[in-house]
Amino acid sequence: MAVSSDQNIKSNIEITGKILSEISKLAEHGFGKGTVADYISSLGKVNPNQYGLAVVYRNGDIVEAGNSGTRFSIQSVSKLFTLTLAMRLVGPELWTRVHRNPSMDRFNSVSDLENNNGIPGNPFVNAGAIVVSDAIASRSAAPNRIVLDFMRTLSGQNDLYVDQQVALDEAETGHRNFALAYLLKDYGNISNKVDDVLSLYFRHCAIEMSCTELAQAALYLANDGVDPKSGQRIVSAEETRELNALLVTSGMYNSSGEFAFRVGLPAKSGVSGGILAIVPQRMAICVWSPELDTNGNSVVGQLILEYLTQKLGISVF
Ligand code: GLU
């Protein structure tokens, strides 16, 4: 049995032209059923009726559909990578500053943080990601470069950049993030200056990447912590398991449970409409389509992932 399941793991699951044409129909059907996030003004200007899909297998094979090469603002998808970086830099001590439980409050809830004495519920709610940014800032001589450099290394794309306009727009309307950061500071859960920590946070949310680049960057999570492209160990196998567990429980905002029920993959979503999902031991999948449901997750992205996981039988459950 070990032999046959191992072979199964190594072989790519075929995504046929028929499946891809079904996906394109699903997308057409889903357009117009959600709302583009516009609280960060530059995000509201993106054409809503588009989608991208990239499936990158551990052996490097790629299947793409739609606008898979179009770069978009990665927003909260970046939190998966900053958490990875903080786990590398800080180690288990990080968990004294942020919990690991799903939150039923909004991702930018101030009361949730207050009720938990300044310890964020998990690293993917905004307060948690701000603590993670602070932890990175404390361990790096060049905090404003370290996340971008990490993303360039993981994706293999040296021309990745921060969209300065998006970062500025975030700072202009990010009143809640300022409120969260000052509250964290008051609780002693931020060491650096609030402005510096938020600048790092806004900048990593404003990195532009395509579906293909994001799926390439996340392959280590489908490969026990080793990037199969370079052979470089990014995190331990144990940390990979922990990251994937956190993605299942908290990666999809308040509907992480619903997403586990419908799709059943570790995944991280962002307000620009990206969803990055991991099929452990097999592949990374990124979908993007800007219109969101009321929980902040891409409508079309979820439809595609639901169809794909069911069709290919790749749910982890
Ligand atoms: N930069 C966004 C914010 O802080 C990220 C939101 C998200 O994608 O969840 O509001």
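Just the heavy atoms: all of them, side chains too, but no hydrogens, waters or symmetry mates, feed the values below. Read the numbers this way: they start at 1 and go in the same order the structure lists the ligands and their atoms.
- The nearest heavy-atom contact from the protein to atom 2 (C) of ligand 1 is Gln75 OE1, 3.0 Å.
- Taking every heavy atom of Asn177 and a limit of under 4.0 angstrom, the matching atoms of ligand 1 come to 3 (C), 4 (O), 10 (O).
- Salt bridge status for Arg71 with Asp159: present, with a side-chain N to carboxylate O gap under 4.0 Å.
- Remark: side-chain polar atoms of Arg97 are not paired, donor with acceptor, to backbone N or O of Ile119 under 3.5 angstrom.
- Below 30°, between 30° and 60°, or above 60°: for Trp288 and Phe72 the angle between ring planes is below 30°, a parallel geometry.
- The shortest N/O to N/O separation between Val271 and ligand 1 falls below 3.5 Å.
- No hydrogens or angles considered: a donor-acceptor pair under 3.5 Å links the side chains of Arg58 and Asn223.
- Residue Glu170 touches ligand 1 through its side chain alone, judged by heavy-atom distances below 4.0 Å.
- Panel note: side chain Ser140, backbone Ile136; no donor-acceptor pair is recorded below 3.5 Å.
- In plain terms, the two heavy atoms of Gly32 and Glu291 that are nearest each other are N-OE1, 2.7 Å.
- Crowding of Lys311 atom NZ: a count of heavy atoms from other residues, nucleotides or ligands under 6.0 Å not exceeding 12.
- A cation-pi arrangement is not found for Lys25 relative to Tyr307, the charged atom failing to lie both closer than 6.0 Å to the ring centre and inside a 45° cone about the ring normal.
- Which parts of ligand 1 touch Gly270 is read off a 4.0 Å heavy-atom cut-off, strictly below it: atoms 8 (O).
- By the 4.0 Å heavy-atom criterion, Phe202 is excluded from the residues contacting ligand 1.
- Under 4.0 Å from ligand 1, heavy atoms of Ser76 appear from its side chain as well as its backbone.
- For ligand 1, the atoms lying closer than 4.0 Å to a non-hydrogen atom of Phe107 are 6 (C), 9 (O), 10 (O).
- Ranking the protein heavy atoms by distance from atom 3 (C) of ligand 1 puts Tyr39 OH, 3.4 Å first.
- Nearest non-hydrogen protein atom to atom 4 (O) of ligand 1 is Tyr201 OH, 2.7 Å.
- Every atom of ligand 1 is numbered from 1 in the order shown, and the set under 4.0 Å from a heavy atom of Cys205 is 1 (N).
- Of the heavy atoms in Asn126, only side-chain atoms (C-beta onward) come closer than 4.0 Å to ligand 1.
- Within the 4.0 Å heavy-atom cutoff, Asn108 does not count among the residues contacting ligand 1.
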Using side chain to side chain contact (heavy atoms under 4.5 Å, CB included), reason through Ile62 and Val55 one step at a time and then give a plain yes or no.
CA-CA 6 Å; Ile62 303 178; Val55 179; over 6 Å; no

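- Near Tyr253, the atoms of ligand 1 lying under 4.0 angstrom from a non-hydrogen atom of the residue are 7 (C), 8 (O), 9 (O).
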